[in-house]
Every structure is written in structure tokens, then in C-alpha cells.
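The block underneath contains the structure these notes are about, expressed in C-alpha cells.
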Amino acid sequence: MLWAQSGPAKRAWKNYIDKDYEKALDLTTKALEKDSLDALAWYVNARLSFTPTYQPVDIDQADAHLRIANTLFSDALPKTKSDLQEEGLTETAINNLRNKVDSAAFSRAETQMTEEAFIQFLTDFPGAMQTDRAIANRDSLAFQTAVEVNTYQAYQSFMSTYPEAREVPEARARYEKLYFDIATDDQQLASYEQFLIDNPATPYRHEAEFNIFRIMTAANDF
């Protein structure tokens, strides 16, 4: 059975608007004890978790509570949804809070500025407006790590992990150069020949073939 609007949740929302946050929290607790599917109570809790004048903002808790509220609101019967809208719980209200929570989460990731932080953001906040920026930052940081390691394996791993990254062309160019240098480091005929067998589409084909020709020509001079 879907949620039916409860008195404590209505009063909690009014207390929240009046900035009586402690009373609002007490009432949402009572409302959820009565009915854990009380959408308005979950929404008020989300707002409380995202009200810095009441307590330190808890982005993850606000997100979790808001997702529950949104699901319950979306699944509510028409009459219940109409009642919720009259109380101020609307799709617009939910989306507005969603955008604020997502923005705060993205700012947190930017403060950390690590590949892992943006991976976490993309995992925990799917569909956020900052998704494209988070992906770009994640990819850029991962590429920077590959550059610092500067091995063909590091570039190969980057391209495999983020094949759509805008840095892939540069990563591929670095990969090809390093792989060619390492594979033919001894500058022996067999190394150049094996390199071409293993990498027929290499951009270093001309250079490898030139060296094969050079070595074979030098050998025939004796």
C-alpha cells in the first residue's frame, strides 16, 4: 500500500519552514515510526540534512533521504500526490533540492581533485548536471597519472579504462612511441621484424622498415 499523508509530517514541514528545526526532526521521526513510506517526512529529513544553519551539511544523507522521497512521490497514487503538492512537495521542489545536493557533491569532488573522487561522484550521483564535467576531470586526472608513470603499459591501461576520453589520441601517440622504442631497443634486425609482425598497423612502420633495410644493406656490404 502506498503512503498516505500523515499529520506529523505536515507539522514537521511547517516547523521546518518556521526554522524550528529540532521540532521538525522530532516530528519526522514520529512520522516515519508511524509509516516508513511517508514521502513528506523523508523530504523534510533531506532538507534538514542540507540546512547549514541547523547542522553541518551531510551531502550523502541528504541525497539518500531525497532519493527515497522522490521514489515515494513518483509512485504515489494521484490523490496522494495531489495532497503532497498542496503541502509543497512537488517535482519542482524535489528537483531544485536535487540540483543543490548534486552541486555540493561535485564541489566536494573538485576540492579533493582526484580520479577516485570523481569516480565516486559519478557512481553516487548518476544523472547529475555536472556529469560531463566530472567525466572530463576524471579522465584528465587519469591521463596525468599515466604521463607521470610514462610507460606504454600506463597509456594502454588509460585507453582501455577510458576509451572515450578526449586524451586518447595523445595517449595512443605516446603509447606507440614508447612501445616502438622498447621493442626495438637493441636495434637488431630480428627486433624490427618481430615488431612489424606484432604491430602491422603501427605508425612507426616506415621507420622500422627503413632500419630493416639499413641493417640488411650494411650486412651485404661485407
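Any value given below was found using the heavy atoms of this structure, including those in side chains, with hydrogens, waters and symmetry copies removed.
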Results of side chain to side chain donor-acceptor pair (under 3.5 Å) for [X] - residues two or more places apart only:
X	value
R172	none
D58	none
Q61	S49
K19	none

Side-chain donor-acceptor pairs of residues 160-169 under 3.5 Å, sequence neighbours excluded:
{"residue": "T161", "atom": "OG1", "partner": "S157", "partner atom": "O", "Å": "2.8"}
{"residue": "Y162", "atom": "OH", "partner": "E115", "partner atom": "OE2", "Å": "2.6"}

**Prompt:** Just checking, K100 and F50: is the charged tip under 6.0 Å from the six-membered ring centre and within 45° of the axis?
**Reply:**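 No - K100 does not lie over the ring of F50 by the 6.0 Å and 45° rule.
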**Asked** Taking only residues two or more places apart in sequence or in another chain, which ones pass salt bridge (charged side-chain N to carboxylate O under 4.0 Å, His left out) with K30?
**Response**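 Salt bridge (charged side-chain N to carboxylate O under 4.0 Å, His left out) check on K30 returns D26.
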**Request:** State which residues pass salt bridge (charged side-chain N to carboxylate O under 4.0 Å, His left out) with E170; sequence neighbours excluded, sorted by chain then number.
**Result:**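 Partners of E170 under the salt bridge (charged side-chain N to carboxylate O under 4.0 Å, His left out) test: R174.
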Given 3.5 Å as the limit, does a donor-acceptor pair link the side chain of [X] with the main chain of [Y], or not?
X	Y	answer
S191	Q187	no
T51	T53	no
S82	P78	no
S74	T71	no
N70	L66	no
S140	A136	no
T131	A128	yes

**Item:** Pairs flagged by ring-ring contact (aromatic ring centres under 6.0 Å, His included) wherever residues 24-46 is involved - sequence neighbours left out
**Value:**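 The answer is W13-Y43, W42-H65.
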**Request:** Not counting sequence neighbours, list each pair that qualifies as a ring-ring contact (aromatic ring centres under 6.0 Å, His included) and has a residue in residues 79-105.
**Result:**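 Applying ring-ring contact (aromatic ring centres under 6.0 Å, His included) to every pair that reaches into residues 79-105, excluding sequence neighbours, yields nothing.
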Close side-chain approach of [X] and [Y], heavy atoms under 4.5 Å:
X	Y	result
L72	D38	no
N96	T92	yes
Y155	Y179	no

**Message:** If the condition is ring-ring contact (aromatic ring centres under 6.0 Å, His included), which residues does F213 pass it with, not counting sequence neighbours?
**Reply:**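 Here no residue qualifies.
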**Request:** Write out all pairs satisfying salt bridge (Lys or Arg N to Asp or Glu O under 4.0 Å) with one or both partners inside residues 101-114, taking only residues at least two apart or from two chains.
**Result:**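 Those involving residues 101-114 are D60-R108, R98-D102, E110-R133.
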**Message:** If only side-chain N and O atoms count, and only distance matters, is there a donor-acceptor pair under 3.5 Å linking N211 with E207?
**Reply:**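 No pair is found: no donor N or O on one side chain lies under 3.5 Å from an acceptor on the other.
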**Asked** Can you name the residues that form a side-chain contact (heavy atoms from CB on, under 4.5 Å) with A190, not counting sequence neighbours?
**Response**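 Residues passing side-chain contact (heavy atoms from CB on, under 4.5 Å) with A190: none at all.
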